[in-house]
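Notes follow the structure.
Just the heavy atoms: all of them, side chains too, but no hydrogens, waters or symmetry mates, feed the values below.
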There are 2 protein chains.
Amino acid sequence: MRVTKLTGGLVGAVLATGVVALSVNTAKAESSPPPITKEEMKKAARIYFDRCAGCHGMLRKGATGPALTPDRTRKLGTEALEAFIYNGTLGGMPDWGKQGILSKDEINLLARYLQHEPPPPPELSMQQMKASWKVYVPVEDRPTRPQHSLNWKNFFGVILRDVGKVAIVDGDTKKLVNIVDTGFAVHILRSSASGRYMYAIGRDGKATVIDLWLSKPDKVAEVKVCYDARSIDTSKYHGYEDKYAVVGCYWPPSFVVLDGMTLEPKKIVSTSAYYYDTQEFVREARVASIVSSHYDPIWVLNIKEAGQVWLVDYSKVDKGTVSIDMIDSERYLHDGGWDLSKRYFLVAANMRNKIVVIDTKDKELEAIVKVGTKPHPGRGANIDHPKYGPIWCTGHIGEKRIACIGTDPEGHPQYAWKVVKWIKLPGEGGGNLFIKTHPKSKYLIADRPLNPDPELKRSIFVYDKYTFELVKTLKVPAKYKNIRAVHEEFSEDGSEFWISVWGKKNQPTAILVYDAKTLKLKKEITGDWVRTPTGKFNVYNTMKDIY
Amino acid sequence: MRVTKLTGGLVGAVLATGVVALSVNTAKAESSPPPITKEEMKKAARIYFDRCAGCHGMLRKGATGPALTPDRTRKLGTEALEAFIYNGTLGGMPDWGKQGILSKDEINLLARYLQHEPPPPPELSMQQMKASWKVYVPVEDRPTRPQHSLNWKNFFGVILRDVGKVAIVDGDTKKLVNIVDTGFAVHILRSSASGRYMYAIGRDGKATVIDLWLSKPDKVAEVKVCYDARSIDTSKYHGYEDKYAVVGCYWPPSFVVLDGMTLEPKKIVSTSAYYYDTQEFVREARVASIVSSHYDPIWVLNIKEAGQVWLVDYSKVDKGTVSIDMIDSERYLHDGGWDLSKRYFLVAANMRNKIVVIDTKDKELEAIVKVGTKPHPGRGANIDHPKYGPIWCTGHIGEKRIACIGTDPEGHPQYAWKVVKWIKLPGEGGGNLFIKTHPKSKYLIADRPLNPDPELKRSIFVYDKYTFELVKTLKVPAKYKNIRAVHEEFSEDGSEFWISVWGKKNQPTAILVYDAKTLKLKKEITGDWVRTPTGKFNVYNTMKDIY
């Protein structure tokens with residue numbers, strides 16, 4: 001393979017917009033795709049699924065990344081495709097070759113594969129789901145009260161991303177409680193309404209439920225309901241506590257309602273839809289994030305490609321009825337969370353640089369707010385501000401500002417659904433993934449793991465949440481090499497916050513515990529088990545949606 | 001082509017069940033499909049669409065007819081397939097060859113075509129719909145009161161099926177008002193809440209709206225929103241009169257909300273879903289019948305393959321929100337109508353020999369009632385019976401009984417959702433398509449157009465709607481040859497009912513008007529324009545859902 005240096009206009013377009021303008025380059029137009037064997041097709045499909053499908057889609061129609069359909073890829077040709085895969089783009093495409101994650105042979109294979117029609121991805125029926133369903137501890141064998149004396153509501157679930165496990169760590173003692181085998185590359189954890197059950201969803205679509213009341217907290221059931229998934233949540237409305245879970249699938253495009261305690265799959269609902277704007281059919285309309293209402297029996301699902309927020313009423317699932325309000329908003333919905341009142345849900349339309357606001361009481365679109373480049377709120381950070389009233393903040397992958405939006409149209413109508421404050425992170429570039437605060441903390445905390453600067457990506461930035469001044473920059477101790485600081489989580493009482501030291505799979509790192517008043521590093525949680533820690537979820541804060 | 005005589009077990013299975021047991025006959029297994037040229041593929045796809053897709057589906061997964069996927073058709077082979085297409089089956093498959101509708105060459109072509117993978121059917125985007133949209137008379141140019149002195153609420157819209165037209169006939173004078181060009185093979189007509197607008201939906205997916213207030217009532221707008229469609233209705237709830245129309249598509253599987261007065265397409269919603277029972281994905285989940293509630297801003301849509309009834313709330317469409325209650329019921333939903341109270345909707349799951357009852361007030365499945373073979377209610381017939389209270393009746397294609405079901409769980413709980421009366425039609429076999437009554441008539445009337453007996457299929461059977469005794473058999477006058485009597489419709493005041501004389505396209509027939517008291521033929525509506533009349537819709541009865 002020769003890694004072609006991209007020339008002229010095409011590179012310019014890539015750098016400027018982050019979106020590869022595939023259609024403009026017709027110089028290399030080829031009428032038929034390069035040869036590929038059946039065996040190679042299979043291998044390439046696997047690599048594509050692992051590395052590319054998340055952004056470009058299983059059917060390659062594009063989402064966070066551009067479309068890679070043969071009409072476009074054949075015009076680029078093998079060499080240009082190889083160059084993109086090897087070098088990445090400033091717009092967010094990873095440098096798979098440079099990073100050493102894909103070999104030159106694999107890159108050549110992928111470049112050829114992309115010029116062929118994508119093979120039809122498989123379906124997943126209820127029967128197949130049930131075949132994967134395992135209950136390790138039946139409900140009747142589970143304890144009726146906690147079988148240990150630990151303060152389980154202050155447990156932290158820690159995703160050990162690349163080893164396919166979740167660690168349960170006691171927030172009071174910082175001791176490891178147990179390590180649980182889960183799906184691959186767990187994306188998030190959620191707690192049930194009671195807090196007793198913790199749910200993990202793997203990138204591979206495997207859902208796992210962990211019972212924190214067992215003498216040794218461990219998984220009690222699991223089931224694979226998608227080939228590719230990003231989200232899970234539980235029923236939090238009064239009368240439905242711990243009753244249901246819901247998984248949002250990337251492929252097949254669907255959501256699946258599960259029994260909350262056994263994970264028995266109960267109901268599959270297709271999310272194939274029409275783009276809200278052009279109203280063209282999009283088979284691959286994927287479920288991005290999900291949150292659960294505390295005031296209604298509904299889940300809020302974000303249908304990424306369609307640009308619709310679906311409010312799914314689960315109160316009649318047992319009667320065979322699912323009720324959905326499908327609300328048009330903006331394309332490529334990603335992650336989001338509740339405002340302080342938990343009436344409004346705010347979600348990033350990340351390729352449109354906008355935050356969509358949904359009023360879950362009146363069940364309609366409340367506002368669309370322009371923010372910066374590629375907002376990535378996680379669930380966002382809520383502040384009750386003396387001047388602006390309740391506000392909700394998001395960071396950005398694509399730039400260094402944090403945007404805070406007024407969320408109180410009744411008490412503070414002049415600030416509602418406007419960016420009331422832009423907070424600038426120091427240094428150049430964006431790369432923020434998560435910001436976090438806590439009602440009892442006076443700080444707003446931000447990471448920068450996707451910033452290319454090795455110093456910035458190991459730093460955590462602490463702001464006064466009322467003055468928005470930078471108070472301190474925390475750095476991961478230098479003994480941890482080639483790492484990124486990622487994801488902040490407060491303890492139940494807000495007295496401390498935890499940061500993950502995200503390294504490579506082959507070397508243990510740490511979870512750092514900071515005092516939330518003094519901002520001093522008070523504890524390094526270490527051990528051979530601390531491999532690729534990323535997201536951490538405090539049970540109490542997660543069950544109550546405190547962020 | 002040799003028309004093979006089917007032998008033994010396979011024929012038995014066909015005759016007994018009406019469903020071809022394709023999978024049992026492996027004698028003729030072929031590993032690869034017979035040759036077919038590109039040109040032939042195209043021609044065969046067209047014939048398949050016109051003649052086969054309605055029952056077997058565009059993707060050939062089966063619905064009213066069995067699946068015709070290559071794994072099954074290749075086992076049968078060309079000769080057996082030809083035989084089926086030529087001879088039909090007693091289960092409902094038409095004898096396309098015997099009838100002379102398909103030539104031997106066309107049948108051979110189809111038989112070969114069916115052994116190949118079905119070509120992917122095309123999508124239809126909002127942009128394409130808008131390109132077909134025509135407003136002949138803009139809303140501002142339409143009159144504010146009727147421009148003629150005719151009693152337009154007693155107009156009848158008469159479908160002239162095979163000529164792609166709808167005739168407007170004055171019910172008072174029986175005179176032709178106008179003939180309107182519409183889509184091909186119009187399936188039904190609906191009236192808006194005010195009655196002013198009449199809507200037609202062609203089998204080809206073209207919707208037409210006719211303004212009855214023009215000095216010469218005529219179409220004022222049209223739009224093609226599907227490639228294949230069966231249903232249309234309008235918004236009837238207080239405050240939404242004449243505001244919206246909705247079209248249910250067979251392909252693409254979707255429903256489309258239109259402006260009621262201009263037919264501007266506003267919103268497309270996919271109906272691809274999961275089968276309610278096996279929970280496997282069904283891309284081709286088609287919209288069968290639609291009715292419109294008078295007491296809520298909802299349409300009731302029947303998602304045929306999935307076996308779900310969708311209650312679609314249209315009150316927020318202008319805000320970009322569509323809300324749907326998706327209610328599991330039974331597979332292969334077809335046609336249905338309101339009970340007398342208009343709270344309950346009753347629909348045939350025709351391949352399951354069941355009637356599904358939906359409570360549209362509590363928005364849930366109320367009951368599933370076992371009836372006879374292949375129920376075909378049309379919208380059914382409502383009777384307020386002295387003993388049983390309000391009941392709703394359906395005929396059957398597959399047998400000669402009419403089933404009447406109690407529909408009053410509060411006033412007559414002992415009869416609710418039970419067949420309280422089986423009425424036997426005379427002679428052998430089923431073939432009933434429509435039954436009808438009117439609150440001011442004491443008769444229940446039934447046709448038999450699909451019965452093979454030439455005498456039965458030209459007969460109309462009149463029953464006392466309280467005693468269920470056969471009162472009279474009406475026969476279409478003998479001068480009309482090779483015809484079928486089909487579809488009864490009462491006038492606004494119930495004093496007469498109309499019957500279509502359904503012949504071939506190349507010869508005019510008649511619409512027969514009977515006195516609803518004396519049962520005497522009082523008028524034959526004739527003329528060169530009376531070609532293939534089928535469904536007839538009285539404006540008042542249709543706008544008020546009186547049947």
Side-chain angles (χ1 to χ4, degrees), chain A residues 120 122-130 225 252-257 265-283 285 303 306-313 315-330 358-359 362-366 368, chain B residues 120 122-130 225 252-257 265-283 285 303 306-313 315-330 358-359 362-366 368:
Chain A
E123 301 296 338
L124 190 60
S125 71
M126 179 56 75
Q127 196 183 6
Q128 290 170 290
M129 289 180 194
K130 290 215 168 157
V225 294
S254 60
F255 65 89
V256 184
V257 181
K266 299 177 83 76
K267 188 79 192 153
I268 315 172
V269 178
S270 169
T271 55
S272 287
Y274 281 74
Y275 290 110
Y276 89 95
D277 46 5
T278 60
Q279 299 208 44
E280 295 167 291
F281 181 66
V282 50
R283 170 76 182 100
I303 313 301
Q308 293 183 332
V309 178
W310 287 14
L311 307 182
V312 176
D313 183 327
S315 64
K316 288 184 177 175
V317 163
D318 283 350
K319 290 183 176 177
T321 297
V322 175
S323 303
I324 307 176
D325 298 280
M326 302 172 174
I327 304 173
D328 285 353
S329 61
E330 184 53 280
I358 300 294
D359 177 354
D362 289 347
K363 300 191 167 188
E364 58 190 25
L365 178 69
E366 173 78 10
I368 294 182
Chain B
E123 301 295 339
L124 190 59
S125 72
M126 179 57 73
Q127 194 182 9
Q128 289 170 291
M129 289 181 194
K130 289 215 168 158
V225 294
S254 61
F255 65 88
V256 184
V257 181
K266 299 177 83 77
K267 188 80 192 152
I268 315 171
V269 178
S270 170
T271 55
S272 288
Y274 281 74
Y275 290 110
Y276 90 95
D277 46 5
T278 60
Q279 300 208 44
E280 296 166 291
F281 181 65
V282 50
R283 170 78 182 99
I303 313 301
Q308 292 183 331
V309 178
W310 287 14
L311 306 183
V312 176
D313 184 327
S315 65
K316 288 185 178 175
V317 163
D318 284 349
K319 291 184 176 176
T321 297
V322 175
S323 303
I324 307 175
D325 298 280
M326 301 172 173
I327 303 173
D328 285 353
S329 60
E330 184 53 281
I358 300 294
D359 177 354
D362 290 346
K363 299 190 168 189
E364 59 190 27
L365 178 68
E366 173 78 10
I368 295 182

* Asked: Checking B/K130 against chain A: side chain, backbone, both or neither under 4.5 Å from a heavy atom?
  -> neither
* To do: Compare all side-chain heavy atoms of B/M326 with those of B/I303 and state whether any distance is below 4.5 angstrom.
  => no
* Spatial distance of atom CE (A/M126) from atom OH (B/Y275) [nearest 0.5 Å] -> 15.5 Å
* Asked: Quick one: of A/S270, A/S125, A/A306, who has the most non-hydrogen atom pairs under 4.5 Å with chain B?
  -> A/S270
* Under 4.5 Å, counting heavy-atom pairs only, tell me which of A/E364, A/Q308, A/M129 racks up the most with chain B. => A/E364
* To do: Can you tell which part of B/P252 gets under 4.5 Å to a heavy atom of chain A, answering side chain, backbone, both or neither?
  => side chain
* In terms of heavy-atom pairs under 4.5 Å, which option from B/T321, B/I268, B/D328, B/I327 contacts chain A the most? -> B/I268
* So, do A/Y276 and A/S329 sit near enough that their side-chain heavy atoms are less than 4.5 Å apart? -> no
* Asked: Thinking salt bridges, do B/K316 and A/D325 make one under a 4.0 Å N-O criterion?
  -> no
* Asked: Is the backbone of B/R283 close enough, under 3.5 Å, to the side chain of B/S272 for a donor and an acceptor to pair up by distance?
  -> yes
* Structure fact -> Honestly, the part of A/S254 sitting under 4.5 Å from a heavy atom of chain B is side chain
* Asked: Which bit of B/L311 is near chain A, if near means a heavy-atom gap under 4.5 Å: side chain, backbone, both or neither?
  -> neither
* Top contributor to chain B interface from A/K363, A/Q127, A/E280 [non-hydrogen pairs under 4.5 Å] -> A/K363
* Asked: Are the side chain of B/Q279 and the backbone of A/K266 linked by a donor-acceptor contact shorter than 3.5 Å?
  -> yes
* To do: Could you tell me which residues satisfy side chain to side chain contact (heavy atoms under 4.5 Å, CB included) with A/D359, sequence neighbours excluded, listed by chain and number?
  => A/R343, A/Y344, A/K361, A/D362, A/E366
* Asked: Given that the side chain runs from C-beta out, which part of A/Q128 has a heavy atom under 4.5 Å from chain B: side chain, backbone, both or neither?
  -> neither
